[in-house]
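All remarks here apply to the structure that follows.
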2 protein chains.
Amino acid sequence: MAEPLHFEDFAVGRRFRCGTRRVDAEAIKAFARDYDPQPFHVDDAKAADSFFKGLAASGWHTAAMCMRLLVDGLPIAGGIISAGGTLEWKLPVRPGDTLGVEAEVLEARASRSRPEQGLVKLRISTRNQHGEDVQVFSPTVFVPRRASAGAGA
Amino acid sequence: MAEPLHFEDFAVGRRFRCGTRRVDAEAIKAFARDYDPQPFHVDDAKAADSFFKGLAASGWHTAAMCMRLLVDGLPIAGGIISAGGTLEWKLPVRPGDTLGVEAEVLEARASRSRPEQGLVKLRISTRNQHGEDVQVFSPTVFVPRRASAGAGA
């Protein structure tokens, strides 16, 4: 694991590239059976005749896969912790797609209420193997300041 | 399954209540091992010493459980289909919590590009057994108009 990232590492405009993950039909259906069992996520024939014109991953599955790539590839000190943000699904994720994630720093500011941390707004793009955005999530994450490391509470 | 809901059923202010789901520690850890394996989602001892002060569900697990309650409880004609929205995590979800979901209609308008459907903005609140919001998701969903049912393309 790389050196943990602190607030000072999040310069506006900096981009962090995470790894990739291949998506197959069985993974799409397995997630959907548990959490989003709509026909277009679990049944090839019904999916072909649906809005999506073919099997597509649940948007929540895409979001979960993006999170796994972030956890494995963006080592923020203390973890990746957020109160949410804007979530956009741009294109369907299909069996055979390979997803990659890139996080760009949009804003970085000190926290007024907690001086030992900063607030970083990211644009987290999940892209398919054609370089197309399939999902864009723009959360504000809480990031400890390096100066306060070890200061304790 | 109840009669499918169409655009005409989504009057502004109407609320739809879905079922409930109990969350246990093993489910929290199982989801997190696959998609969000941070210590505070998979390890009780490390979670106690973390930002969350105890084991907490991944926000994406909360979102996925909310989606399952919607799929089972909000029978929109053609499925629950959205391009996203604002996602807010308000409070941690803990082992033993029972989650419920309520969707309130914030806006409803015709689609200019696709006259056979409407666009409905919902505020989807996921609440714990104390009635506290743990997550609020505010997507715009695509809902077929009843008048066009069977018109085909």
Side-chain angles (χ1 to χ4, degrees), chain A residues 21 27 30-42 46-47 49-52 56 58-72 74-92 114 117 133-142 144 153, chain B residues 21 27 30-42 46-47 49-52 56 58-72 74-92 114 117 133-142 144 153:
Chain A
R21 177 179 180 127
F31 183 97
R33 278 191 294 266
D34 283 344
Y35 294 110
D36 190 355
Q38 302 195 83
F40 35 74
H41 299 319
V42 295
K46 289 177 181 167
D49 200 34
S50 77
F51 175 89
F52 291 105
S58 168
W60 302 111
H61 188 199
T62 302
M65 292 188 285
C66 169
M67 187 66 196
R68 179 58 191 260
L69 290 171
L70 289 170
V71 170
D72 292 345
L74 187 70
I76 298 178
I80 301 173
I81 298 174
S82 171
T86 303
L87 178 62
E88 301 166 87
W89 294 300
K90 301 283 198 178
L91 284 173
R114 298 188 59 189
Q117 72 176 14
D133 285 346
V134 296
Q135 177 187 282
V136 177
F137 181 48
S138 303
T140 298
V141 297
F142 307 115
Chain B
R21 179 179 180 128
F31 183 97
R33 279 192 293 266
D34 284 343
Y35 294 111
D36 190 354
Q38 302 195 83
F40 35 74
H41 299 320
V42 295
K46 289 178 180 166
D49 200 34
S50 76
F51 175 89
F52 291 104
S58 168
W60 302 111
H61 188 200
T62 302
M65 291 188 285
C66 169
M67 187 66 195
R68 180 58 192 259
L69 291 171
L70 288 169
V71 170
D72 291 346
L74 188 70
I76 297 178
I80 301 173
I81 298 174
S82 171
T86 303
L87 179 63
E88 301 166 87
W89 294 301
K90 302 283 199 177
L91 284 174
R114 300 188 59 189
Q117 71 176 15
D133 285 347
V134 295
Q135 175 187 283
V136 177
F137 181 48
S138 302
T140 298
V141 297
F142 306 114

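Chain letters run A, B, ... following the sequence lines, proteins first and then strands; every chain starts at 1.
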Between the CG atom in B/Leu87 and the OG atom in A/Ser82, the distance rounded to the nearest 0.5 Å is 8.5 Å

Measure the CE-CG distance between A/Met65 and B/Asp34 for me, rounded to the nearest 0.5 Å.
11.5 Å

With a 4.5 Å cut-off on side-chain heavy atoms, are B/Met67 and A/His61 touching?
no

With heavy-atom distances below 4.5 Å as the criterion, would you say the side chains of B/Ile81 and A/Phe52 are in contact?
yes

Do the side chain of A/Arg68 and the main chain of B/Pro37 share a donor and acceptor less than 3.5 angstrom apart?
no

Taking every non-hydrogen pair under 4.5 Å, which of A/Cys66, A/Ser138, A/Gly84 racks up the most with chain B?
A/Gly84

Under a 4.5 Å heavy-atom cutoff, which of A/Val136, A/Leu70, A/Asp36 has the most pairs with chain B?
A/Asp36

Heavy atoms only, distances under 4.5 angstrom: which of B/Ala63, B/Gly79, B/Ser50, B/Gly85 has the most pairs with chain A? Name it, please.
B/Gly85

Specify the closest pair of heavy atoms between B/Ile80 and A/Phe40, including all atoms of both residues, with the distance to one decimal.
O-CZ, 4.4 Å

State, to 0.1 Å, how close A/Phe31 and B/Ala64 come at their nearest heavy-atom pair, and which atoms those are.
CZ-CB, 4.1 Å

Which atoms of A/Trp60 approach chain B - backbone, side chain, both or neither, heavy atom under 4.5 Å:
side chain

For A/Arg21, is it the side chain, the backbone, both, or neither that has a heavy atom closer than 4.5 Å to a heavy atom of chain B?
side chain

